[in-house]
Amino acid sequence: MALLNILQYPDSRLHTVARPVAAVDPRVRGIVADMFETMYAAKGVGLAATQVDIHERIIVVDTSEQRDQPMVLINPEIVQRSSDCKEWEEGCLSLPGIYDKVTRPDRIRVRALDARGEAFEIEADGLLAVCVQHEMDHLDGKVFVDHLSALKRNRIRARMRKRQRETEAA
């Protein structure tokens, strides 16, 4: 296993639409293992392959308190959304230290493949629903700040670019 480099906003690669995984094979399982290691090391609850510059439809999630309920979603698709929406404060490993409120459907039903390539469906609500939708946005080339006003997005972009310049100068 290996720690992967997490792309930082506003890196243009974060806006790449991921392609479906053709086959769940040892290569894909290796990517999944590396993504979990990277997500846990960064203290995140979810990570999309797009964030580590792998443009395939792979998500890893673990919203449990004990960090002992890892979930893999390969080629995920939302098959049902509740009409009830809820506002959650979201953050992102690609935007460290940046948080803002995003409104999303409160409950979803998702169909995906697991790490063995077997199809399954889950119903998710609360934090898990938010996390899965957030990570699926990444697979579609979207970052949570794309849900914010242009003014907020531009301020965040400027802050992240400044932080990047300071890091490069150090």
Side-chain angles (χ1 to χ4, degrees), residues 4 6-11 13-18 20-21 31-32 34-115 119-157 159-160:
L4 304 170
I6 299 172
L7 299 176
Q8 301 293 302
Y9 183 82
D11 192 307
R13 292 172 290 180
L14 289 168
H15 296 292
T16 303
V17 176
V21 172
I31 291 169
V32 166
D34 291 347
M35 287 176 63
F36 271 119
E37 183 175 353
T38 303
M39 179 190 74
Y40 287 131
K43 301 195 181 346
V45 295
L47 185 68
T50 301
Q51 292 177 271
V52 292
D53 204 21
I54 298 170
H55 302 287
E56 295 182 65
R57 299 188 73 76
I58 305 169
I59 294 172
V60 298
V61 175
D62 188 344
T63 59
S64 67
E65 291 285 325
Q66 295 76 24
R67 316 295 285 144
D68 61 355
Q69 296 176 27
M71 182 183 307
V72 178
L73 296 105
I74 298 171
N75 295 337
E77 60 179 304
I78 296 175
V79 294
Q80 188 175 13
R81 291 176 172 83
S82 70
S83 57
D84 299 331
C85 291
K86 188 170 181 183
E87 185 177 74
W88 285 79
E89 186 167 81
E90 294 187 27
C92 182
L93 294 176
S94 292
L95 289 104
I98 306 291
Y99 301 91
D100 214 316
K101 293 184 169 125
V102 176
T103 301
R104 298 187 186 271
D106 191 40
R107 288 181 315 284
I108 58 172
R109 183 169 192 77
V110 179
R111 180 180 305 134
L113 301 176
D114 64 17
F120 71 99
E121 286 192 15
I122 60 161
E123 293 208 16
D125 61 7
L127 178 59
L128 180 58
V130 169
C131 185
V132 169
Q133 291 173 87
H134 175 110
E135 301 310 332
M136 286 184 69
D137 274 356
H138 279 298
L139 299 181
D140 293 332
K142 297 177 188 162
V143 183
F144 88 91
V145 296
D146 293 333
H147 293 278
L148 306 178
S149 70
L151 177 63
K152 281 186 176 183
R153 195 169 43 255
N154 289 335
R155 285 182 178 167
I156 290 168
R157 184 179 296 117
R159 188 179 332 164
M160 293 298 292

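Quantities reported herein were computed from a predicted structural model and do not represent experimental measurements.
The minimum heavy-atom distance linking Y99 with G91 is given by the pair CD2-CA, 3.6 Å. Counting all heavy atoms, side chain and backbone alike, M35 lies closest to L47 at CE-O, 3.3 Å. Looking at every heavy atom in both residues, L128 comes nearest to M71 through CD2-CE, 4.1 Å. A pairwise comparison of heavy atoms in G141 and D146 identifies O-OD2, 4.3 Å as the closest pair. The two atoms that bring A129 and I108 nearest to each other are O-CD1, 3.9 Å, heavy atoms only. Residue A112 comes nearest to P76 through the heavy atom pair CB-CA, 3.9 Å, listed as atom of the first residue, atom of the second, then distance.
Partner of I74 under the side chain to side chain contact (heavy atoms under 4.5 Å, CB included) criterion, out of D114, I31, L113: L113 alone.
Counting non-hydrogen atoms of neighbouring residues, nucleotides and ligands closer than 6.0 angstrom, the CZ atom of R155 reaches no more than 12 such neighbours.
Atom-to-atom distance recorded for T16:OG1 and I54:CD1 is 12.5 Å, nearest 0.5 angstrom. I59 CD1 to M136 CE: the interatomic distance, rounded to the nearest 0.5 Å, is 6.0 Å. Distance check: F36 CZ to M39 CE gives 5.5 Å after rounding to the nearest 0.5 Å. In this structure, the separation between OG1 on T38 and CG on L93 is 9.5 Å, given to the nearest 0.5 Å.
Taking the side chain as every heavy atom from C-beta outward, D53 and D11 never approach each other to under 4.5 Å. Residues D100 and V145 fail the side-chain proximity criterion, which asks for heavy atoms closer than 4.5 Å. Contact check for F120 versus V110: no side-chain heavy atoms found under the 4.5 Å cut-off. Using a 4.5 Å heavy-atom cutoff, the side chains of Y9 and I98 are not in contact. Within the 4.5 Å cutoff, the side chain of I6 has heavy atoms near those of the V52 side chain. No side-chain heavy atom of H15 sits under 4.5 Å from any side-chain heavy atom of P10.
Residue pairs meeting the side chain to side chain donor-acceptor pair (under 3.5 Å) criterion with at least one member in residues 82-97, sequence neighbours excluded, are Q51-S94, E90-R104, E90-H134.
Checking side-chain atoms of R107 against main-chain N and O of E123 turns up no donor-acceptor pair under 3.5 Å. Side chain of D137 to backbone of V143: no donor-acceptor contact under 3.5 angstrom is found. Under a 3.5 Å cut-off, the side chain of D62 and the backbone N or O of D68 do form a donor-acceptor pair. Side chain of Q133 to backbone of P105: a donor-acceptor contact under 3.5 angstrom is found. For the pair R111 (side chain) and E77 (backbone), a donor-acceptor distance under 3.5 Å is absent. Proximity of a side-chain donor or acceptor of N75 to a complementary backbone N or O of P20 within less than 3.5 Å is not detected. Under a 3.5 Å cut-off, the side chain of R57 and the backbone N or O of L139 do form a donor-acceptor pair. Using modelled atom types, one side-chain atom of E135 and one backbone atom of A48 make a donor-acceptor pair closer than 3.5 Å.
Under 4.0 Å is where a charged nitrogen must lie from a carboxylate oxygen, and between D140 and K142 no such pair does.
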